[in-house]
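Input: a single structure, listed below in structure tokens.
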Protein chains: 2
Amino acid sequence: MSAPRTARAIARAELTRAILDLAGHQLAEVGPAALSVRRIARELDMASSAVYRYFPSRDALLTALIVEGYDDLGGRAEAADSAVDDRADHAARWRAVAHTVHDWAREQPHRYALLYGSPVPGYAAPQDTVTPATRITGLLLAIVRDAEQAGVHPAGVLPVPPVEAAAVQPVATMLSPAVSDEMTVRALTAWATLFGHISLELFGHMHRGVLDYDVHFAQVVDQVAADLGLA
Amino acid sequence: MSAPRTARAIARAELTRAILDLAGHQLAEVGPAALSVRRIARELDMASSAVYRYFPSRDALLTALIVEGYDDLGGRAEAADSAVDDRADHAARWRAVAHTVHDWAREQPHRYALLYGSPVPGYAAPQDTVTPATRITGLLLAIVRDAEQAGVHPAGVLPVPPVEAAAVQPVATMLSPAVSDEMTVRALTAWATLFGHISLELFGHMHRGVLDYDVHFAQVVDQVAADLGLA
DNA sequence: AGAAAACAAGAGCATCGCTCTCGTTTGTTG
DNA sequence: CAACAAACGAGAGCGATGCTCTTGTTTTCT
């Protein structure tokens, strides 16, 4: 797996990183749509055609940025969860993760848009992006699973008919022991609420509707925690 | 307000419509990013520079498509709400509107992405788009307001501290009579859940996680209705 | 040492948004 | 009705993009 220590391989790894870093800066500054391969080459003092030795296309570069983003977000969320001392305080863990995602999105709005906004390349997200994307969702599910193992039941949850249980079966059985169907539905709903709220906020849909985004986000996160049945 | 009946004004109105329609078709086919002014001109057998007599820029064209989209979506949602015979069946009205938005989004994914995905032009959505955007959110709020007027209380709702009440004050007082702070928070949460779910589904984040989108969406909509306290 | 692979650079293609100029058509006004 | 002004359409052109192809050089492997 590890690269040979030839000078060429080292140079390649360095240049690949340099390109990716520069692309990251461009992403943060001008957004995904305005990311330019030629500009990266210019800032690196190389011919634009040379960049294509490292990334076969602009979309491949964006894909790499997406993967990097999922990893960064997932890592930060996991760290925030781990930082909660009382592992049985599932509400605190949920809050920590939710606010971490929120903060991360506000710090890097363009990157968030790249991950959770409209897919900018052709259409289907490349396969490479789905695995790293499962990291945060897996983390949210793990917290909910832990809570359920501790005897927590979601509040005010509707009965889940067999057809719905079948529909969400992959998510329910993602972890072992599996999560109950009711909790799975609540968790998926919480997931949609979390990212829906952040997207609406970041993309300007709450403009002049909500005055203090942070206060309201905290309230929604607490409300969702209550619906999940967390302490 | 209405245009003079000169031949030129009529021709202008027709060409403006033709450009907008063609842009709409391109949007549906190749998405917002690949929408090309030159291609529109080509399909209209005119010089690309002539199109700029009707829309000052590509972004202006996209803005017009956004406004059109909000209007179409808002109109359909209002029609779906009005089609519910029993005006006091607020759960049925919420379901009708939610499923209408869902269907609309699946029929025109690129248009939905244009409205609720990452903003593709510079950054801030032009002022022209905010008024038509309030149509669906206003409709959702109206249903909830009607329910509350009929004595409905949201289920399992957290107390709303004054600071949060102040934060959501514009939304709460948007309609008269005003909606309670608790119901306002629940409504905003429902809003985020609805569009969050649709965005996650359309943008591929539920791939291999949920097997039947329609079944699961219906379950979530019912769950949200229950949380709102609707029948 | 020689063959093979990786590399960097440059020219070039097709496309894009947008601007400017230049005739032509239409509408308005004296 | 004639003259002027405004709107219009077409074309050329600018700067920029993603990407490909060729050509010559450097590094690696056999």
Side-chain angles (χ1 to χ4, degrees), chain A residues 2-20 22-23 25-27 29-66 110 114 119-123 126, chain B residues 2-20 22-23 25-27 29-66 110 114 119-123 126:
Chain A
S2 94
R5 294 189 83 43
T6 78
R8 189 154 257 177
I10 292 175
R12 180 174 187 86
E14 275 180 11
L15 239 182
T16 304
R17 257 259 67 85
I19 291 173
L20 215 51
L22 239 50
H25 288 139
Q26 267 192 43
L27 173 64
E29 283 167 18
V30 296
L35 188 145
S36 156
V37 174
R38 290 180 111 112
R39 190 180 151 193
I40 293 175
R42 231 176 287 133
E43 293 175 0
L44 243 49
D45 269 316
M46 65 193 308
S48 65
S49 58
V51 177
Y52 288 86
R53 299 244 173 223
Y54 299 84
F55 293 91
S57 69
R58 198 189 89 115
D59 279 4
L61 230 179
L62 281 175
T63 301
L65 287 176
I66 291 176
H110 282 135
L114 187 61
V120 357
Y123 210 124
Chain B
S2 93
R5 293 188 85 43
T6 79
R8 188 157 256 176
I10 293 175
R12 181 175 185 86
E14 275 179 11
L15 239 182
T16 305
R17 258 260 65 86
I19 292 172
L20 214 51
L22 239 51
H25 288 137
Q26 265 192 46
L27 172 64
E29 282 167 17
V30 296
L35 188 144
S36 156
V37 175
R38 292 180 109 112
R39 190 181 150 191
I40 292 176
R42 233 176 286 134
E43 293 175 0
L44 242 49
D45 269 317
M46 64 193 310
S48 65
S49 57
V51 177
Y52 288 86
R53 298 253 177 217
Y54 299 84
F55 292 91
S57 70
R58 198 190 88 115
D59 280 4
L61 230 178
L62 280 176
T63 301
L65 287 176
I66 291 175
H110 282 135
L114 186 60
V120 0
Y123 210 123

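Below, chain A is the first sequence line, B the second, and so on; all start at residue 1.
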- request: Report yes if at least one side-chain N or O of A/Tyr54 is closer than 4.0 Å to OP1 or OP2 of C/dA6; otherwise report no.
  value: no
message: Between B/Arg42 and C/dC16, is there a contact of a side-chain N or O with OP1 or OP2 at under 4.0 Å?
response: yes
task: To the nearest Å, give me how far apart CD1 (B/Ile19) and P (D/dC8) are.
output: 11 Å
message: Rounded to whole Å, please give me the gap between CG in B/Leu15 and P in D/dA7.
response: 16 Å
message: Quick check for you: among C/dG17, C/dA9, D/dC29, whose closest atom lies nearest to any side-chain atom of B/Val37?
response: C/dG17
- prompt: B/Ser49 side chain N/O closer than 4.0 Å to the phosphate oxygens (OP1, OP2) of D/dA12?
  reply: no
task: Kindly indicate whether the side chain of B/Arg12 and the base of D/dA7 share any N or O donor-acceptor pair separated by less than 3.5 Å?
output: no
query: Would you say B/Arg39's side chain and B/Ala34's backbone share a donor-acceptor pair under 3.5 angstrom?
result: no
message: Whole angstroms only, please: what is the CZ-P distance between A/Arg38 and C/dT15?
response: 16 Å
statement: Atom CG of B/Leu61 and atom C1' of C/dC18 are separated, to the nearest Å, by 14 Å
query: Rounding to a whole Å, what distance do you find between A/Ile10:CD1 and D/dT27:C1'?
result: 13 Å
- line: To the nearest angstrom, the CD-C1' distance between B/Gln26 and C/dT15 comes to 13 Å
B/Arg8 or B/Ala47, whichever maps to the more 5' nucleotide of DNA chain D: B/Arg8
- line: note: B/Arg58, atom CZ; C/dT15, atom P; distance rounded to Å ~ 17 Å
query: When the distance from CZ of B/Arg53 to P of C/dT26 is rounded to whole Å, what number comes out?
result: 15 Å
query: Under 4.0 Å: is that the gap between some side-chain N or O of B/Tyr52 and OP1 or OP2 of C/dC20?
result: no
